[in-house]
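Note sheet for the following structure.
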Amino acid sequence: MSAECPDPGQGEPQSQALRPGGHYGTLVSGQCPPASTPAPWSLPRWRAYVAAAVLCYINLLNYMNWFVIAVFIGCLLLSAPVFGYLGDRHSRKATLSFGILLWSGAGLSSSFISPKYSWLFFLSRGVVGTGTASYSTIAPTVLGDLFVKDQRTRVLAIFYIFIPVGSGLGYVLGSAVVELTGNWRWALRIMPCLEAVALILLILLVPDPPRGAAEKQGEKAVGTLRSSWCEDVRYLGRNWSFVWSTLGVTSMAFVTGALGFWAPKFLFEARVIHGWQVPDFQEPGSSQDSLIFGTLTVVTGIVGVILGAEAARRYKKVNPRAEPLICASSLLATAPCLYLALVLAPTTLLASYVFLALGELLLSCNWAVVADILLSVVVPRCRGTAEALQITVGHILGDAGSPYLTGLISSALRARRLDSYLQRFLSLQQSFLCCAFVIVLGGGCFLLTALHLERDQAQAQQPDTGTLDSKDMESKGLLSGISASTED
């Protein structure tokens, strides 16, 4: 016989029945559930938008740190999975605060290190990378729990605007400080002042919502579904939307890293070829080229992120696979723009600038959209780990190696040619062509993402979807036995 519990509303017995989402009216032990359930977590809309504004401001500082002096990629790769694990299991607000303190303190201290201790300087920049990994991994998951659907798309668009904006302003700040003071170290001393304000705003204004709060899957509902890190990784490995979109993001990171490192030098050498600049065989490139490229990145980044997010939001109303299709089409359109920007540079520099700007704009269309894809296809309690894995894979196979690979190809081509400035320029130009090929592969990855998107989104929206630990499996087995005996 089934156990019976008093109905607090009518005082009549209530038979054990399966509730929506696979939860039963009584506990496995035969005890009755509590008479009242906790109210769902909620936050006034204005508080959510204030929190989003603070997170966007910190994201700006995060990416400015990347490109003032970008030498900490290795530590970021190693620490991102750690912060993903912590972000899924502990206070995200405390972890973010620790990360800001870490990267701010390390950045400030590195500006006072003597040049003869260069190893210590690079170590301190590695600590900066460890701190920024916490933010890049955890902050998007907080936004994912504050907003849902169209609101999430718009907020993520604003948040990810600060990838290109922060990157561009990093170039601008670094070059401007050198021009004004003659000492790049002052750029590292300005940033901690801004980061101290960010930490105070984070502590005062940003909440730590329950995981899945926006989808009505608060921790009260999914808290028992706790799995190990290895089980989470296996779950993500079977999530094909996550796998293919991560490879698509990797292609974007590959091109972004190569452009960020070599584009200022390419622009400098193009102006030398046209007779607008005096050749410099010792240190090709200048702060002016960094300023030009940084400004270009800021403008195209703002327009591109907004354009991509709005296109995805509108297209989703008629096609549920809109997001990966938008990403695929923008990357496939980026490839010819990048190719034309490279091949036209020796003949018409103006056209090269136009196509370079258009390519960067199309590339920027995807930053908010790919984040929205991840948040929609991964269960809330695994999103920190998912963000960490996407960051790690994207950097290891993307921008961590693309500058080196581009330079290696350029050196190999130059070794077979006459030692002239023109041949140096042509070698760099042709080595850049690998980026056009990689971006086409990225477009194909997003097309494959579209094939699996709807199924993975449906699974992620179920409260008890994902991997379970041994206790959860035992509980599931007991519930299945109860269900079978009830049917008999």
Side-chain angles (χ1 to χ4, degrees), residues 52 136 139-141 143-164 212 214-215 236 238-253 255-256 301-335 360-380 382-383 386-387 389-391 393-394 398 439-462 465:
S136 301
T141 70
L143 291 176
D145 289 331
L146 291 175
F147 302 93
V148 73
K149 296 183 179 180
D150 280 4
Q151 286 184 344
R152 177 189 290 172
T153 302
R154 289 191 176 115
V155 170
L156 286 174
I158 298 172
F159 182 79
Y160 280 96
I161 278 175
F162 294 102
I163 290 181
E215 293 95 343
L236 293 171
R238 296 190 299 266
N239 188 322
W240 288 107
S241 295
F242 171 77
V243 171
W244 288 117
S245 63
T246 297
L247 293 176
V249 170
T250 300
S251 73
M252 294 165 52
V255 175
T256 302
I302 293 174
V303 177
V305 171
I306 294 175
L307 183 63
E310 189 63 19
R313 188 185 69 83
R314 293 177 181 271
Y315 191 28
K316 270 193 297 188
K317 296 178 180 179
V318 297
N319 189 341
R321 300 177 178 179
E323 291 163 325
L325 292 178
I326 290 289
C327 293
S329 59
S330 65
L331 291 189
L332 293 175
T334 300
E360 282 210 289
L361 185 146
L362 291 169
L363 200 62
S364 298
C365 287
N366 295 339
W367 290 118
V369 182
V370 295
D372 213 358
I373 291 173
L374 184 147
L375 293 173
S376 70
V377 301
V378 176
V379 293
C382 289
R383 286 174 180 167
E387 289 280 357
L389 289 179
Q390 192 167 89
I391 289 171
V393 173
I439 213 68
V440 170
L441 293 180
C445 289
F446 281 114
L447 290 177
L448 292 172
T449 303
L451 297 179
H452 303 275
L453 184 75
E454 292 179 271
R455 183 199 64 187
D456 292 333
Q457 284 179 332
Q459 291 180 353
Q461 290 169 2
Q462 298 177 11
T465 297

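Please read these numbers as outputs of a predicted model, since none were measured by experiment.
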* Glu387/Arg383 under salt bridge (charged side-chain N to carboxylate O under 4.0 Å, His left out): CA gap, chis, key distance, verdict -> CA-CA 6 Å; Glu387 289 280 357; Arg383 286 174 180 167; over 6 Å; no

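- What you find for Ser364 and Val305 is that their closest heavy atoms are O-CG2, 3.3 Å.
- Between Glu454 and Pro320, the shortest heavy-atom distance links the atoms OE2-CG, 3.2 Å.
- Two residues are said to be in side-chain contact when any heavy atoms from C-beta on lie closer than 4.5 Å; Ile158 and Val155 fail this criterion.
- Taking both residues in full, the closest heavy atoms of Ala335 and Val440 are given as CB-CG2, 3.6 Å, listed atom of the first, atom of the second, then distance.
- Distance check: Thr256 OG1 to Leu363 CG gives 4.5 Å after rounding to the nearest 0.5 Å.
- A donor-acceptor pair under 3.5 Å is absent between the side-chain atoms of Arg313 and the main chain of Asp150, judged by distance alone.
- Residues Ser330 and Phe446 form no side-chain contact, since every pair of their non-hydrogen atoms from C-beta on lies 4.5 Å or further apart.
- Cys327 SG to Leu362 CG: the interatomic distance, rounded to the nearest 0.5 Å, is 12.0 Å.
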* Asked: Which is it for Leu247 and Leu448 under the side-chain contact (heavy atoms from CB on, under 4.5 Å) test, yes or no, and what are the steps along the way?
  -> CA-CA 10 Å; Leu247 293 176; Leu448 292 172; over 6 Å; no

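- Put simply, the side chain of Phe147 does not reach to within 4.5 Å of the side chain of Arg154, judged on heavy atoms.
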* To do: Mind running side-chain contact (heavy atoms from CB on, under 4.5 Å) on Lys316 and Thr153 for me, showing each step along the way?
  => CA-CA 11 Å; Lys316 270 193 297 188; Thr153 302; 3.3 Å; yes

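- Residue Leu375 holds its CG atom at 8.5 Å from CG of Leu143, rounded to the nearest 0.5 Å.
- Screening Val377, Asp372, Val370 for a side-chain contact (heavy atoms from CB on, under 4.5 Å) with Glu323, the sole residue that qualifies is Asp372.
- Closest non-hydrogen pair, Ala312 versus Ala322, comes out as O-CB, 4.0 Å.
- Here the side chains of Pro324 and Ile373 are in contact, with some heavy-atom distance below 4.5 Å.
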* Asked: What's the verdict on side-chain contact (heavy atoms from CB on, under 4.5 Å) for Leu325 and Leu447, showing C-alpha distance, side-chain angles and the deciding distance?
  -> CA-CA 6 Å; Leu325 292 178; Leu447 290 177; 4.1 Å; yes

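- The one candidate from Val393, Leu389, Asn239 that meets the side-chain contact (heavy atoms from CB on, under 4.5 Å) condition with Thr246 is Val393.
- The line from CG of Asn366 to CG of Leu331 is 4.5 Å long, rounded to the nearest 0.5 Å.
- The main-chain N or O of Thr449 is never found under 3.5 Å from a side-chain atom of Ser245 such that the two would form a donor-acceptor pair.
- Gly212 and Asp145 get closest at one heavy-atom pair: N-OD1, 2.8 Å.
- For Gly442 against Ser251, the heavy-atom pair with the smallest separation is CA-OG, 3.1 Å.
- In this structure, CZ in Arg152 is found 10.0 Å from CG in Leu146, a value given to the nearest 0.5 Å.
- To the nearest 0.5 Å, atoms CD (Gln390) and OG1 (Thr250) are separated by 7.5 Å.
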